[in-house]
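Just follow the structure's listing: the first ligand is 1, and inside any ligand the first atom is 1. Along the sequence shown, residues carry numbers from 1. Bear in mind the structure is a predicted one, so any value in this text is a computation, not a measurement.
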Amino acid sequence: MLALGKLLELTLAGHEPSAKIQLTPDGTRLRWLDEGALEVTPPAARDNGLDLLLSAGVHGNETAPIELLDRLLRGIARNELHPAARILFLFGNPEAMRRGERYIEQDLNRLFSGRHEQSSGFEAIRACDLEHLAATFFGKQTGRTRLHYDLHTAIRGSKIEQFALYPWQEGRAHSRRELERLRAAGIEAVLLQNKSSITFSAYTYAQLGAEAFTLELGKARAFGQNELVNLDLLENALHALIEGREAISGEATLDGLQLFSVSREVIKHSDSFQLHLPEDIENFTELEPGYLLAEDIADSRWIVEEKGARIIFPNPKVKNGLRAAILIVPDDGAGLL
Ligand SMILES: O=C(O)CCC(=O)N[C@@H](CCC(=O)O)C(=O)O
Ligand SMILES: [Zn+2]
């Protein structure tokens with residue numbers, strides 16, 4: 001196999017390859033760009049106009065999606081997968097991946113859309129680099145299709161195992177076609193955001209005009225311990241997307257895909273913040289109206305008012321000023337285009 005197909009190994013070893021460009025027998029070009037960053041360019045005759053950004057490891061301990069990208073890239077480097085799309089593979093936080101930690105100094109996925117400029121340190125520099133890599137990859141060309149999947153796993157178990165978060169931008173509707181594509185890839189629910197955000201997918205969506213999603217694919221575990229995370233449907237869908245043989249039947253449906261929208265983000269304001277939920281609560285657990293969810297400084301209280309409310313990503317350990325949970329409600333999809 002071509003050495004650049006071993007991007008994960010190179011990244012975990014902190015090793016810069018001596019040959020930065022390699023060609024597969026079918027003429028696909030692999031180009032190492034930076035630590036954890038590799039661009040795949042198909043031969044011109046096969047290029048179908050899709051620019052596909054696949055990222056994982058933005059949180060270093062979320063290993064199942066990292067292993068998935070490793071398998072895809074090895075397939076290309078072994079000349080088993082024949083890309084028709086341009087692809088940028090990114091491992092988001094290499095140092096955190098090496099240490100098996102979510103992050104080193106601060107959460108990389110809260111530093112995009114320029115937020116890194118107000119900060120410093122390891123993750124702030126990396127967020128700036130990732131923005132440049134993504135912006136350069138999508139370039140200035142018009143007429144090409146831009147798609148970004150930022151792959152994650154969650155800290156806790158979930159009543160809905162695989163779900164997506166769809167960023168928001170003023171004046172832009174969420175695409176039904178993209179949701180159909182996700183449904184076919186095994187995604188069971190989508191959270192439609194309704195305000196801007198500072199995550200990686202929110203950056204590529206709002207600043208670079210890509211269709212972009214954070215995909216949550218199961219529970220975070222260490223390398224080699226992901227047998228409970230079944231990524232078969234997603235992996236097959238990515239093979240088809242990469243090779244340009246995605247079945248577009250015109251009959252695709254949302255087929256039971258559950259839609260939610262954000263009702264409220266619970267922001268932790270101080271060290272007095274308390275979240276009144278069991279330690280082992282699962283994502284998408286329903287909360288009854290009247291439930292006292294959280295308390296914070298100056299007697300502020302979060303009480304559930306919404307009917308059908310569910311909780312995702314509860315985490316009282318986040319830094320002050322950051323999101324400590326999201327309250328979501330069912331969405332009827334009326335705003336989809
Ligand atoms: O399990 C958790 O509490 C966090 C899982 C996670 O890392 N989720 C992403 C979601 C990003 C988004 O909102 O699009 C994150 O929190 O960064
Ligand atoms: Zn994550």
Side-chain angles (χ1 to χ4, degrees), residues 53-69 90-93 96-97 100-104 106-113 115-116 123 126-127 130 148-169 174 178 182 187 189-207 210-222 226 229 260-268 275 277-285 294 310-319 321-328:
L53 168 51
L54 296 174
S55 53
V58 164
H59 294 129
N61 63 341
E62 298 177 2
T63 63
I66 297 172
E67 290 173 350
L68 168 59
L69 294 199
L90 289 179
F91 292 129
N93 194 335
M97 285 165 53
E101 308 270 354
R102 184 171 167 87
Y103 57 80
I104 307 299
Q106 54 179 328
D107 191 334
L108 175 59
N109 215 18
R110 302 291 179 273
L111 288 169
F112 290 93
S113 299
R115 187 58 77 94
H116 53 80
E123 271 96 2
R126 186 63 176 170
L130 292 174
H148 175 200
Y149 290 145
D150 184 32
L151 310 182
H152 288 247
T153 47
I155 295 170
R156 56 189 61 250
S158 185
K159 295 197 180 303
I160 299 175
E161 185 79 359
Q162 300 194 345
F163 59 99
L165 296 102
Y166 199 164
W168 175 90
Q169 185 182 17
H174 291 125
E178 291 300 331
L182 289 176
I187 297 298
V190 178
L191 174 58
L192 306 169
Q193 305 271 24
N194 45 29
K195 70 179 190 53
S196 57
S197 171
I198 49 179
T199 62
F200 194 19
S201 63
Y203 166 74
T204 56
Y205 184 76
Q207 311 287 321
E211 285 293 351
F213 300 86
T214 303
L215 301 189
E216 294 287 349
L217 300 168
K219 191 169 170 181
R221 290 191 175 80
N226 289 307
V229 184
F260 296 92
S261 53
V262 176
S263 176
R264 285 187 277 168
E265 284 193 347
V266 179
I267 308 294
K268 172 178 172 179
L275 198 56
L277 291 171
E279 278 266 309
D280 59 352
I281 191 161
E282 293 184 316
N283 285 327
F284 292 95
T285 297
R310 299 182 185 215
I311 193 81
I312 60 168
F313 302 151
N315 184 358
K317 295 185 187 135
V318 296
K319 294 193 173 154
L322 293 183
R323 170 178 97 191
I326 314 180
L327 263 181
I328 61 173

Could you pull out every N or O of ligand 1 that sits under 3.5 Å from a protein N or O, with the distance for each pair?
unit_1: ligand 1; atom_1: 1 (O); unit_2: Ile155; atom_2: N; d: 2.8
unit_1: ligand 1; atom_1: 7 (O); unit_2: His59; atom_2: ND1; d: 3.1
unit_1: ligand 1; atom_1: 7 (O); unit_2: Arg102; atom_2: NH1; d: 3.3
unit_1: ligand 1; atom_1: 7 (O); unit_2: Arg102; atom_2: NH2; d: 3.3
unit_1: ligand 1; atom_1: 8 (N); unit_2: Glu216; atom_2: OE2; d: 2.7
unit_1: ligand 1; atom_1: 13 (O); unit_2: Arg323; atom_2: NH1; d: 3.2
unit_1: ligand 1; atom_1: 13 (O); unit_2: Arg323; atom_2: NH2; d: 3.3
unit_1: ligand 1; atom_1: 14 (O); unit_2: Thr214; atom_2: OG1; d: 2.7
unit_1: ligand 1; atom_1: 16 (O); unit_2: Arg110; atom_2: NH2; d: 2.7
unit_1: ligand 1; atom_1: 16 (O); unit_2: Arg323; atom_2: NH2; d: 3.2
unit_1: ligand 1; atom_1: 17 (O); unit_2: Asn109; atom_2: ND2; d: 2.8
unit_1: ligand 1; atom_1: 17 (O); unit_2: Arg110; atom_2: NH1; d: 2.9

(request) Count the heavy atoms of every other residue, nucleotide or ligand shown that sit under 6.0 Å from NZ of Lys317, and state whether that count exceeds 12. (result) no
(message) On a heavy-atom basis, which atom in Ser261 and which in Asn194 lie closest, and how many Å separate them?
(response) CB-ND2, 4.4 Å
(message) Does any part of the side chain of Ile312, heavy atoms only, come nearer than 4.5 Å to the side chain of Ile328, both counted from C-beta?
(response) yes
(message) Is any side-chain heavy atom of Glu216 closer than 4.5 Å to one of Asn283?
(response) no
(request) May I ask you to check whether over 12 heavy atoms, not counting those of Arg115, lie within 6.0 Å of atom CZ? (result) no
(message) Which heavy atom of Arg102 sits nearest to which heavy atom of Asn93, and what is that distance?
(response) O-ND2, 4.4 Å
(request) Could you pull out the closest heavy-atom pair between Ala220 and Glu62, with the gap in Å? (result) CB-CG, 4.1 Å
(request) Compute the centroid of each ring, for Phe163 and then for Phe260, and state whether the two points are separated by less than 6.0 Å. (result) no
(request) Kindly compute the distance separating NE2 (His59) from CG (Asp150), expressed to the nearest 0.5 Å. (result) 8.5 Å
(message) Listing by chain and number, which protein N, O or S atoms are under 2.8 Å from the Zn ion (ligand 2)?
(response) His59 ND1, Glu62 OE1, Glu62 OE2, His152 ND1
